[in-house]
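Data first, discussion second: the structure below is written as structure tokens.
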Amino acid sequence: RHVHTLRLLSLPTERCFRAFCLVSRSDITQKGYEKKRSKLLGAYLPHPPETHLIHVTVNTSLEVSGQLIQIPFISFLFFSSSDVHTEAVQAALAKHKERKMAVPMPSKRRSLVVQTSMDAYTPPDTSSGSEEEGGQGEGTPTSSQGSVSMEHWISRAIHQGSTTSSSSSSTQSGGSGAAGRLADVLAQTHVENHSAPPDVTTYTSEHPVQVERPQVSTVPRTTPKYGNAELMETGDGVPVSSRVSAKIQQLVNTLKQPRRPPLREFFVDDFEELLEVQQPDPNQPRPEGAQMVTIRGEPLGVVTNWPPSLEAALQRWGTISPKAPCLTTMDTNGKPLYVLTYGKLWSRSIKVAYNILHKLGTKQEPMVRPGDRVALVFPNNDPAAFMVTFYGCLLAEVVPVPIEVPLTRKDAGSQQIGFLLGSCGVTVALTSDACHKGLPKGPTGEIPQFKGWPKLLWFVTESKHLSKPPRDWFPHIKDANNDTAYIEYKTCKDGSVLGVTVTRIALLTHCQALTQSCGYTEAEIIVNVLDFKKDVGLWHGILTSVMNMMHVISIPYSLMKVNPLSWIQKVCQYKAKVACVKSRDMHWALVAHRDQRDINLSSLRMLVVADGSNPWSISSCDAFLNVFQSKGLRPEVICPCASSTEALTVAIRRPTDDSNQPPGRGVLSMQGLSHGVIRVDSEERLSVLTVQDVGTVMPGALMCVVKAEGVPQLCRTDEIGELCVCSIATGMSYYGLSGMTKNTFEVFPMSSSGAPISEYPFTRTGLLGFIGPGGLVFVSGKMDGLMVVSGRRHNADDIVATALAVEPMKFVYRGRIAVFSVTVLHDERIVVVAEQRPDSTEEDSFQWMSRVLQAIDSIHNVGVFCLALVPANTLPKTPLGGIHLSETKQLFLEGSLHPCNVLMCPHTCVTNLPKPRQKQPEIGPASVMVGNLVSGKRIAQASGRDLGQIEDNDQARKFLFLSEGAVLSSLTCLQLHKRAEKIATMLMERGHLQDGDHVALVYPPGIDLIAAFYGCLYAGCVPITVRPPHPQNIATTLPTVKMIVEVSRSACVMTSQVISKLLKSKEASAAVDVRTWPPVLDTDDLPKKKPPQLYKPSNPDTLAYLDFSVSTTGMLAGVKMSHTATSAFCRSIKLQCELYPSREVAICLDPYCGLGFVLWCLCSVYSGHQSILIPPSELEVNPALWLLAVSQFRVRDTFCSYSVMELCAKGLGLQTESLKSRGLDLSRVRTCVVVAEERPRIALTQSFSKLFKDLGLHPRAVSTSFGCRVNLAICLQGTSGPDPTTVYVDMRALRHDRVRLVERGSPHSLPLMESGKILPGVRIIIANPETKGPLGDSHLGEIWVHCAHNGSGYFTVYGDEALQSDHFNSHLSFGDTQTVWARTGYLGFLRRTELTDASGERHDALYVSIMECAVFPWTNLLVVVVELEGSEQEALDLVPLVTNAVLEEHYLIVGVVVVVDIGVIPINSRGEKQRMHLRDGFLADQLDPIYVAYNM
């Protein structure tokens, strides 16, 4: 009832769901809380398993019923002294034991908890990658293996004050179909001779307590018992029986934990938009070092026999050593499939070059000319065909654009690749035979045009399909120049795809620099596991290898999935000197490694780790070295490198012969890194990041570090920034994008004085890092993965590493986790999405989620806004099987991610909410009042015109009652009078009633009801109209009837014969005690005689009738209406609507309370016009009934409710043409008034007007009225006044009780429609509900009303006088303190409009801006209930959408989101939501929600 409810004006309601909020005032005792907490939490705390070590060797694939099933390798943790990160996570979780984090588990309907089918258990049939373009790859390793002794672990854990227990292996390898469970076993087994670290994360206690798990509700769904039908015993106002309230209480207690430090300052975004802005912490670390100097790589040594271009090198080897092997490809069994020699490569490339230039198009009009771009579309298992075609393009001087094979028309990111091809002007796609056959085909066999792709000619480059070039044709081999050699694609953070052009001179220089830094020599054998179409795989395995006549053993990813050890076996088999891998390849090999005696890695002189800059790469390297050092692997062989599409190879660790020089390693404080500062920390600390060096700058290159944001200014030596490189060997531009090219490839770094440090441009690498001692380059993250939350920087990869370290093998499917940020309320918020194992239970997932939150909070000191779990294999994939990050983010934002679990933490993350409502300077009693102006402001008051003395004449007044399109009965005033007399006689004789006795009239809508009403008046009784019980739904509707009869102290019940039987039926006795009904009289059989005399009220202020109705708060309130108020009411409506005897008015309203009752029963008797009565319930059978009646009787004025309007809009929206043909015409309607006690529903009235415009309905005819309990009609659209207006107000100003009008469509605008014209005789003032002082114009306050037809008070059995007197008899605290006002409990404002009404004066418009009960604070939480239209799978998508929308629009944090079926939200007959009933149903667990999410 107070202004605090203002915060929630209204949620943006989508068509598909209605949303509103509820919350209560109650608390729980500390003891009760402790008890409840232990009961709730006990079930989720893992019990300590026994401590023992396990040594198992495991096969990587097993045969189940004759099929080979591959075990999904789960990202896997070994612990070592270097892998501080994992230890830190476990230690952080152990620390949380003291914090007692109680996270309420969400409730989910049984049908949503579905186990995934067996096919999800086998790993996906795609290769896996932690791709640049794709965020985190599948099987992202976090492994590091060290033989740390058990004692060290235990002593360390005890030292940290936590009881430990070793993680024992789960050996429940179930029967034949248990591949997923076996993965568990596999994942938890450790390689021999290495102790398993204890799981310090389990909550343990000295005496393990057996706690019952809270049962998932399996109560059969019954009709919800709303309201007081089932009162719950409450302790301190919290229902005891309720699971829901316990969870909310738990949530409240969680939220009581200390938040981030409070913030002080605010920024003004727009007018009075006051959000908190994060102030820099005065104690935050700042860079203190000197300004860095540019680091120069060693000079690029010129070797005499280096070829002048890469094609020249190919020509040399193709002619001198044609038999030398160039490339060996493998089949999926690991057998050599094909060996491509240098001779074959040379001759076939020439053939391809000739055919591209001469066999496409015609001689006069060739399709491809030198310099044109062509697409190369080859699968990952065919490097030979790719290599031949790539060199063919170089020889033809055509620019190849290698892209991925589009598998389906809807591939993630495929559309963006199409845009790239379009912008490059590609018209030809070169491909292999097998790939061409595998592409999707249309019905006529042609390849369809993929979404977003240009029209392409597909050309197969297999040698057998090509023409032989003529003897005299030879490619022109030039020295390397500045022409573009090839274009490499790159996927950006937002999903767009750019093409980076690499010139021929850059290509050659890059190969030379790699040759020098890697020490490549002729005929060396190199094993390549990487994607050969781009990045490190292309540079080493296709380009530099040919320059040095090396032999590449290419391992396709399909083989790696079947046998993760294949690359190690090939290194041994071929005695390879070099291998190019990613850290996950080392990791998978570790997991699959059996104690194989024949492994010998002593031939390796260099192991290039392509993703050496990832935070998890260091642990993979250490673990790999630990296991394989005994197999001849030397520590100095491991060479991490850093690269980017723009700058090519940025840095690489050189293979040295000196094993004494240890690699560079930094243990950095996460806190420092988040402020962009390098602070070396000790390994014992929790929040540290251990990084390894990626070697030194490339030969012939310059490197510097510039600030990540703003102008490219050099960083200090202890500051993190973006690495920039100046070298010939970098990309040249983004194809066709000159502006972006300038920002990336033409950067001129500046010193602190502002002078550029070099005349040559630098290229931004997109990598964040620093240059350490000895010129070693360290990378701490990528610009694309950077998330700035509250001014602090976090790296997505670091957060992935932390989440994986929690319990990777048990829970996350193949290590597939995506981390990104979304902007909500002017700040970035972190979202973590993980794929869960098919066999994980609800409890597993919830426990994992709460532990991930704790780990990220402890280590990164940042909150996760949303943590979502999706079923295995459902996130969009990149071509190599990694997660497509931008697509995942897009799905999240659109609400189509379909998670199976969601945990949102807006309470912990959102710290920049607006400061509390500001008190406005009051118009105080001391202000000088001059007329209506107070200190220069006009007081917000208004009134309708005066009620003159109008003569009454009793002519023939009549009623007409319609049902199902036929006139059921009609009644003139004379007939009504005679019928009422008979009823009065019956009351006196059979009922033995006295003057002033109360009579309940339980009738369906109709003429009987009206006759009974006047019969009561004639007999001197006080009638109360009551809606009869619904015969199909007695259980829920009858108790309300009973309650009204009891509360109103009715001496008897009058009704029809049918209902009389119903009240005493067997069904009724099941719902209420039928013996306690007062006498029931049925009026179907009336006495013939007249009463001796008719009752005339002695005092006009005596009670005429009681108006009972259930308000939206669930409160049953009966308002007393005196004879004076009733006739004043009728007179006011007669004047406003110009009702005369000749008029016909159609009324489609319920006749039980409010204005509906007055129009149905009183007005036509008072004014003499004819009323056509249409019961709204008839519209459920025949939606067109009301409009057909309006058209047939040529009605000019009609009244309806919102529910009637909605029925017509939904039921007839598509039938306007057929209605028109039936002759339905609404052109005569001049007013169609919606009767409601709420804020006008603009969207509904507008869509109604639009729908029926074609049937002649004038859009200005539709308007609304406004009434409330204390005054049943305050505003009503008349006939002569100006049309109703709509204004747009600024919601942020409303929050501070100010009304500021804005333009339509401006941000934060809320449309409000005028609630009709103020009725004659009504005075309104806007008052401050707290101080009761008058407010000025355009201030928001409570609407107070003074008029003759105000109710005279509540009729209550309990007689709460204080409440009553305040509502009906309030006085202003100053100003006009004499007038008696009634308080409506509605907030609104008055505004003078420039429109004039019929009397030539300006009129005042009243806008009601909020219902009295839009929000219920329930233990200070906001509960939002949404009805879902659609499949239950979409329920969880609504949780982030609703939370974000309410935050953005209303600056309110939603505490609980409840998703329910359509029709669960109880609505009364007037179409108003019954929030209190809903709340009671929710707390009593009667809603059967699809999903309940408790936001943290």
Which residues pass the side-chain contact (heavy atoms from CB on, under 4.5 Å) test with [X], sequence neighbours left out?
X	value
Lys577	Glu524, Arg605
Leu337	Thr329, Asp331
Asn355	Lys351, Lys359, Phe459, Leu466, Ser467

What residues form a salt bridge (Lys or Arg N to Asp or Glu O under 4.0 Å) with [X], not counting sequence neighbours?
X	answer
Lys437	Asp433
Glu488	none
Lys478	Glu397
Lys570	none

For the side chain of [X] and the backbone of [Y], is there at least one donor-acceptor N/O pair under 3.5 Å apart?
X	Y	answer
Thr744	Thr741	no
Ser727	Ala729	yes
Trp317	Met547	yes
Thr431	Val377	yes
Asn333	Lys335	no
Asp585	Val529	no
Arg373	Pro400	no
Asp382	Pro379	no
Ser603	Ala576	yes
Ser644	Thr765	yes

Using every non-hydrogen atom in the two residues, find where [X] and [Y] come nearest and quote the distance to one decimal.
X	Y	result
Leu310	Cys511	CD1-SG, 4.4 Å
Cys492	Leu498	SG-CD1, 3.4 Å
Glu646	Thr763	O-CG2, 4.0 Å
Ala385	Ser432	CB-CB, 4.2 Å
Leu395	Pro475	O-CB, 3.9 Å

Partners of [X] by ring pair (Phe, Tyr, Trp, His ring centres under 6.0 Å), sequence neighbours excluded?
X	answer
His358	Tyr354, Trp473
Tyr734	Phe745
Tyr486	Phe390
Phe628	His593, Phe624

- prompt: Below 4.0 angstrom, N of the basic side chain to O of the carboxylate: do Glu462 and Lys464 qualify?
  reply: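 No salt bridge links Glu462 with Lys464.
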
message: Looking at Lys533 and Glu404, is there a salt bridge between them, counting it only when a charged N and a carboxylate O are closer than 4.0 Å?
response: yes

- request: State whether a side-chain donor-acceptor pair under 3.5 Å links Gln569 with Asp598.
  value: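 No, Asp598 and Gln569 have no side-chain donor paired with an acceptor closer than 3.5 Å.
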
Atom [atom1] of [X] with >12 non-hydrogen neighbours under 6.0 angstrom:
X	atom1	result
Lys441	NZ	yes
Tyr338	OH	yes
Met549	CE	yes
Arg654	CZ	yes

task: Carefully, step by step, assess Tyr391 and Arg348 under the rule side chain to side chain donor-acceptor pair (under 3.5 Å).
output: CA-CA 9 Å; Tyr391 279 102; Arg348 288 181 188 173; over 6 Å; no

message: Is there a side chain to side chain donor-acceptor pair (under 3.5 Å) between His540 and Tyr520? Walk through the geometry before answering.
response: CA-CA 10 Å; His540 289 259; Tyr520 285 141; 2.6 Å; yes

Pair listing, side chain to side chain donor-acceptor pair (under 3.5 Å) test, anchored in residues 497-519, at least two apart: Glu311-Arg504, Thr501-Ser733, His510-Thr649, Thr515-Asn548

- request: Assess whether side chain to side chain donor-acceptor pair (under 3.5 Å) is satisfied between Ser554 and Asn528, documenting all intermediate values.
  value: CA-CA 5 Å; Ser554 189; Asn528 180 31; 4.8 Å; no

